[in-house]
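What follows is a single structure, written as structure tokens, with notes after it.
Proteins come first, then strands; the chains are lettered A, B, ... in the order of their sequence lines, and each starts at number 1.
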Amino acid sequence: MLDPKLLRESPDLVRAAIAKKHLDVDLDAVLALDASWRAQLQETEQLRSQQKAANTEMAKLPKGSPEFIAKVQEMKALSAQVKEREAQLKETEEKWKQAVLALPNLPHESVPEGRTPEENVVFSTHGDVNAVSPHAKAHWEVAGFDRLFDFARGAKVTGAGFPFYVGDGAKIVRALLHFFLDEAGRAGYLEVNPPIFVNAASATATGQLPDKEGQMYETADKLYAVPTAEVPLTNYLRDEILDESALPVYRCAYTPCFRREAGSYGKDVRGLNRLHQFDKVELLKWVHPSTSYEELDKLRLDAERLLQKLGLPYRVLLMCGGDLGFAQAKKYDLEVWSAGQKRWLEVSSCSNFEAFQARRAQIRFRAKGADKPELVHTLNGSGLAVPRVLAAILENNLQEDGRVKIPDALVPYFGKEFLSFA
RNA sequence: GGAGAGGUGGCAGAGUGGUCGAAUGCGCAUGAUUGGAAAUCAUGUGUGCGGGCAACCGUACCGAGGGUUCGAAUCCCUCCCUCUCCGCCA
């Protein structure tokens with residue numbers, strides 16, 4: 001959520017932000033709504049003030065006295081008026097809230113102009129895409145793939161996009177998660193094992209609700225399966241005021257992630273590329289506003305280091321305004337090279353939300369001596385999402401004999417040097 | 001799942017219709033005292049929203065939402081959560 005004061009004082013900044021993100025928002029309508037909400041609020045508060053004053057007077061009057069009875073009659077009219085105005089105010093407030101919630105975060109000045117994903121800037125490229133296995137093929141075409149990654153039985157038991165991981169397939173998932181969590185711990189993130197269902201308040205605070213409702217699985221008692229650990233983890237500190245000295249707070253969490261992916265069809269749903277359930281380690285930071293861009297760079301490097309240690313070629317994209325999410329001020333995507341598919345696969349997305357999430361979730365800190373608490377900045381990034389990293393390993397490291405060479409850094413976790421499909 | 005008891009400020013805890021944003025204690029902050037500290041004394045000490053350059057003013061908030069009333073922390077309804085006992089269970 002954007003600062004309503006910013007909207008009032010500098011509507012042009014907000015207008016520019018909407019233009020840079022190539023969104024369609026009728027800002028003038030929002031401004032008009034804001035003005036009418038404030039006018040109604042003041043009127044209503046003024047009436048309530050009268051009511052309170054009368055109440056104090058009445059308390060001093062003897063209960064059954066004629067003055068008292070007269071006052072009660074008089075106040076009935078005011079009371080009715082207050083009720084009516086409050087109802088109106090509530091209605092306007094609801095509209096106002098929806099309108100303000102629909103305003104996107106301001107993109108940072110360093111975010112490049114652009115409308116489409118093609119206009120994202122290649123920030124850096126690492127490793128040699130030609131240095132991968134000459135035997136690479138799309139991972140779903142590798143002989144024996146279906147034994148280790150059993151989509152057919154997954155479809156029978158649950159549905160499309162819910163594979164079974166079997167034998168070395170299960171083992172390499174566990175090895176990757178273990179490796180990711182250990183690395184995050186070394187980088188200073190405290191490991192957390194959060195609930196994987198959240199309530200509506202939490203999903204709203206991080207922005208999944210109200211608009212992305214259809215992307216989540218919902219249970220009979222109105223809980224949502226987490227689409228990412230970002231949701232429970234960010235909400236961990238919801239409605240709390242931290243001590244300034246506690247910042248920055250670093251947390252990481254592994255959770256399975258559940259996404260309905262309604263409306264995504266076509267080529268990129270093959271194999272491990274897009275699943276309804278997948279495993280991911282998420283990195284979270286709550287930081288002092290003055291340091292958040294420095295922290296974003298460090299967060300990105302923490303994610304990059306994982307790909308470097310796994311020896312996978314990757315590139316970093318700096319997202320342009322049009323491809324930046326609604327809530328992000330700046331975002332980098334990490335894409336791993338998939339030698340068999342001959343394309344880049346997104347495996348991490350590192351973002352600075354500035355105070356946008358913190359305002360919705362009311363996560364603040366108090367500076368020493370300051371009278372007012374201040375909103376923190378939140379950042380998060382994947383570190384990393386398993387299936388696509390796994391796809392890249394399977395493809396890039398495929399040997400002539402059909403086995404897969406396990407990256408050196410992963411061998412201690414996997415327990416052997418080759419993954420076998422046999 | 002059943003029965004009972006509860007949810008009040010950073011914490012403990014009073015308050016059962018009006019003068020209550022809320023006693024008191026602890027904690028915390030500032031000042032006095034002290035060579036310094038402890039102790040003591042004094043003062044202050046929540047958050048959101050709106051208005052105002054500001055000092056400050058207004059309003060809301062006593063688990064959440066609704067209701068009754070001129071007026072609700074207090075009465076009624078629904079829901080959520082915690083604790084105790086019983087049942088069930090990894």
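- For A:Y224 and A:Y217, the gap between ring centers reaches or exceeds 6.0 Å.
- Nucleotides B:C61 and B:C53 are separated by 29 Å at their C1' atoms, to the nearest Å.
- Helical stems of RNA chain B (runs of at least 3 Watson-Crick or G-U pairs, donor-acceptor distances under 3.5 Å) are listed by first residue: B:1-7 with B:80-86, B:10-12 with B:24-26, B:27-32 with B:40-45, B:46-51 with B:56-61, B:63-67 with B:75-79.
- Here A:K71 lies out of heavy-atom contact (under 4.0 Å) with every strand.
- Nucleic acid contact class of A:K97 (heavy atoms, under 4.0 Å, all strands): none.
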Could you go through residues 52-81 of chain A and list every donor-acceptor pair under 3.5 Å that involves a side-chain atom there, pairing it with any protein atom two or more places apart or in another chain?
from, atom 1, to, atom 2, distance (Å)
A:T56, OG1, A:K52, O, 3.0
A:S65, OG, A:P62, O, 2.9
A:S65, OG, A:F68, N, 3.2

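- For the pair A:R403 and A:F418, the cation sits on the ring face: its NZ or CZ lies under 6.0 Å from the ring centre, inside 45° of the axis.
- Rounded to whole Å, the C1' atom of B:U8 lies 9 Å from the corresponding atom of B:A22.
- Of the residues near RNA chain B, A:Q51 and A:P373, the one whose nearest nucleotide (by heavy atom distance) lies more toward the 5' end is A:P373.
- Counting non-hydrogen atoms of neighbouring residues, nucleotides and ligands closer than 6.0 angstrom, the CD atom of A:E91 reaches no more than 12 such neighbours.
- Salt-bridge check for A:K309 with A:E183: passed, with a basic side-chain N closer than 4.0 Å to an acidic carboxylate O.
- Geometrically, A:R300 engages A:Y332 in a cation-pi contact, judged by NZ or CZ lying under 6.0 Å from the ring centre and within 45° of the ring axis.
- A salt bridge is defined here as a Lys NZ or Arg NE, NH1 or NH2 lying under 4.0 Å from an Asp or Glu carboxylate O, and A:K285 with A:E295 meets this definition.
- Taking the P atoms as reference points, B:G58 lies 29 Å from B:C75, given to the whole Å.
- Using a 4.0 Å heavy-atom distance criterion, A:W37 is classed as a sugar-phosphate-only contact.
- To the nearest whole angstrom, the two P atoms, one in B:G4 and one in B:A14, are 23 Å apart.
- Annotation: A:R8, atom CZ; neighbour count of heavy atoms from other residues, nucleotides and ligands within 6.0 Å is above 12.
- Between B:C41 and B:U34, the distance separating the two C1' atoms is 14 Å to the nearest Å.
- A:K5 comes within 4.0 angstrom of sugar-phosphate atoms only, judged by non-hydrogen atoms across all strands, and of no base.
- Residue A:E74 is out of contact with every strand shown, counting any heavy-atom pair closer than 4.0 Å.
- Residue A:R8 is classed as a sugar-phosphate contact, given heavy-atom separations below 4.0 Å to backbone atoms only.
- With both ends at atom P, the span from B:G6 to B:A90 equals 34 Å, rounded to whole Å.
- In this structure, A:W96 and A:W37 have parallel ring planes: the angle between them is below the 30° cut-off, well short of the 60° mark.
- A 6.0 Å sphere centred on CD of A:E294 holds no more than 12 heavy atoms belonging to other residues, nucleotides or ligands.
- Once you apply a 4.0 Å limit to the heavy atoms of chain A, the touched nucleotides of RNA chain B run 5' to 3' over B:G18 to B:G71.
- Both A:K52 and A:K60 sit near RNA chain B, but only A:K60 has its closest nucleotide nearer the 5' end.
- A distance of about 11 Å separates the P atoms of B:U74 and B:G17, rounded to the whole Å.
- Remark: the separation of the C1' atoms in B:G25 and B:G36 is 29 Å, to the nearest Å.
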